[in-house]
Number of protein chains: 2
Amino acid sequence: MAKKTNTEIKASTEEKIKEAARTVFTKKGYAGTRTRDIAEEAGINLALLNYYFRSKEKLFKVVMIEKMQKLFGILSPTLNDATTSLDQKIVLIVNLYADMLLKNPDLPIFVLSELNLNHDGFGSDFQPHKILGESVFVKQLHAKRPDMNPLQFVSGILGMIIFPFIAKPIFKKAIGSEKAFEAMINERRALIPKWVKAILKTK
Amino acid sequence: MAKKTNTEIKASTEEKIKEAARTVFTKKGYAGTRTRDIAEEAGINLALLNYYFRSKEKLFKVVMIEKMQKLFGILSPTLNDATTSLDQKIVLIVNLYADMLLKNPDLPIFVLSELNLNHDGFGSDFQPHKILGESVFVKQLHAKRPDMNPLQFVSGILGMIIFPFIAKPIFKKAIGSEKAFEAMINERRALIPKWVKAILKTK
DNA sequence: GTCTATAACCTGATAGAC
DNA sequence: GTCTATCAGGTTATAGAC
């Protein structure tokens, strides 16, 4: 099939396997994935997978760390930007997630489901909540609403933007096409910031 | 076949298996579950599982239908109650979910994850979005805010109350103990209705 | 109805040729 | 580095005794 002659575009075998692993693990979950599926998807042999990564679990871990970073790492720069207001940050966060999740619709359900199943705790490797910590965002929130628990506040925002993707099978049935789902998410880009501003205003 | 003397024992064993299946499937997911695990959890033999339910998949389907009903069926009576106001319905829904989810914390991630993995489409058996349809709730919302898309509105509410349970592994690390997590959810019982009222008031 | 034993198949991982 | 062939162990489901 595909010949490996390209030295400029680094389509290394290792990367091909990783890319295949991303696809298959995301689609079938860790337990539902067979290493054979990944090898086939990568267009290589099963033995080669074990040559590059030593086991199914090690390959999974590589993919999982990446995915967690993609899902939560997105927050950090925005939360700590001293040049934007609280209201601006909310608009930015909602749109960052809308963009990223429309491109990776099953990222949240994959990551959160596998985290929940907890095949060995690599929860220890990553602390997304520390992003919040003493961020500029939290300070700005405290200045405006000292009574508001930052975690409760952020849960509200993330829940509103991420939930439709987690419950996508339900929403797809409720509204029909993929296009309609995307339209709904795009409508939420304006809706959620408006809602959050209302929440911040009312004691 | 015509014998009815052992009906009670039969029902009891069948229920024991079902209960074990609920536990193990929820904890490990469909693909991660071995029928042996269920048999052991039920305190019976593996062969007996296949005697009552014909296969792993059939047993799973029984459990899954139940779980979906538990997660979404809870909405219907409240949404269609003509004796409560819109504001009252919101308080009721948030507290119904808080109660139910504190008792079944991994119900949402289980159902939504398995729906997403979609091992054969039994999505066709169940249409939770039809609960919304022409409900009293939607009529009340339309009377108050004709501009508000009911699906967007409900997504917001459900997202805010369900999301912490779906992202529970993250939240647990952020706030420490199980007790602290429960306290956070209990705080949300008052928080979310207040927020939703603010959303409804502000155009 | 309930068990033991086993069939039939699947899956992760490795040995060894090229 | 990459392949084919295969091993060792695990998994669902069933046959057959009680």
Side-chain angles (χ1 to χ4, degrees), chain A residues 1-64 114 117-120 122, chain B residues 1-64 114 117-120 122:
Chain A
M1 291 231 271
K3 257 188 159 183
K4 46 117 197 176
T5 48
N6 221 324
T7 44
E8 278 190 50
I9 298 172
K10 204 178 178 185
S12 69
T13 301
E14 189 173 335
E15 185 50 43
K16 271 199 298 180
I17 297 172
K18 246 188 341 197
E19 180 55 27
R22 286 183 198 109
T23 306
V24 182
F25 276 137
T26 300
K27 193 175 161 194
K28 305 193 174 185
Y30 176 76
T33 293
R34 295 171 306 160
T35 48
R36 278 169 170 80
D37 296 337
I38 298 176
E40 192 189 3
E41 174 81 21
I44 54 97
N45 190 274
L46 171 60
L48 209 50
L49 186 150
N50 284 86
Y51 172 79
Y52 280 101
F53 305 86
R54 301 185 9 172
S55 68
K56 178 186 179 183
E57 195 183 332
K58 283 194 168 56
L59 174 54
F60 177 75
K61 231 166 184 168
V62 170
V63 171
M64 185 69 177
E114 296 295 341
L117 294 175
N118 190 35
H119 353 270
D120 174 48
F122 54 101
Chain B
M1 317 277 192
K3 267 173 101 178
K4 295 276 174 185
T5 51
N6 283 340
T7 319
E8 232 180 308
I9 293 166
K10 179 186 171 184
S12 157
T13 301
E14 190 172 334
E15 186 49 43
K16 270 198 299 182
I17 297 172
K18 246 190 339 199
E19 181 56 28
R22 285 183 199 109
T23 305
V24 182
F25 277 137
T26 300
K27 193 174 161 194
K28 305 192 174 185
Y30 175 77
T33 292
R34 295 169 306 159
T35 49
R36 278 171 170 78
D37 296 337
I38 298 176
E40 192 187 2
E41 174 82 21
I44 54 100
N45 190 274
L46 171 60
L48 209 51
L49 186 151
N50 284 85
Y51 172 79
Y52 280 101
F53 306 86
R54 302 188 5 175
S55 69
K56 177 187 179 182
E57 195 184 333
K58 283 193 167 56
L59 174 55
F60 177 75
K61 231 166 186 173
V62 170
V63 171
M64 184 69 177
E114 297 295 340
L117 294 175
N118 190 34
H119 354 269
D120 174 49
F122 54 101

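Here is how names work: the chains are called A, B, and so on, in the same order as the sequence lines, proteins then strands, and each is numbered from 1. In what follows, every heavy atom counts, from backbone to side chain, and hydrogens, waters and symmetry copies are set aside.
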Would you kindly give the [atom1]-to-[atom2] distance between [X] and [N], to the nearest whole Å?
| X | N | atom1 | atom2 | result |
| --- | --- | --- | --- | --- |
| B/Leu49 | D/dT11 | CG | C1' | 13 Å |
| A/Leu48 | C/dG12 | CG | P | 16 Å |
| A/Arg36 | C/dT14 | CZ | P | 14 Å |
| A/Ile38 | C/dA13 | CD1 | P | 10 Å |
| A/Glu40 | D/dT4 | CD | C1' | 16 Å |
| B/Leu59 | D/dT11 | CG | P | 17 Å |
| A/Tyr52 | C/dA13 | OH | P | 18 Å |
| A/Leu46 | D/dG1 | CG | P | 18 Å |

Q) Taking the inter-plane angle between the rings of A/Phe25 and A/Tyr30 on a 0 to 90° scale, is it parallel (under 30°), tilted (30 to 60°) or perpendicular (over 60°)? A)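 The rings of A/Phe25 and A/Tyr30 lie parallel, inter-plane angle below 30°.
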OP1, OP2 of [N] versus side-chain N and O of [X]: anything below 4.0 Å?
| X | N | result |
| --- | --- | --- |
| A/Asn50 | C/dG12 | no |
| A/Ser55 | C/dG12 | no |
| B/Thr13 | C/dT2 | yes |

Q. Should the pair B/Glu15-B/Arg22 be classified as a salt bridge under the 4.0 Å nitrogen-to-oxygen rule?
A.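 Yes.
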Q | Closest to side chain of A/Ala47, choosing from C/dT14, C/dT2, D/dA13 | A |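 Closest nucleotide among those given: C/dT14.
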Q: Say whether, by atom type as modelled, one donor and one acceptor occur between the side chain of B/Lys28 and the main chain of B/Arg34 under 3.5 angstrom.
A: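 Not a single qualifying donor-acceptor pair exists.
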Q: State, yes or no, whether a side-chain contact exists between B/Lys18 and B/Phe53 at a heavy-atom distance under 4.5 Å.
A: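 Result yes, sub-4.5 Å side-chain heavy-atom pair found.
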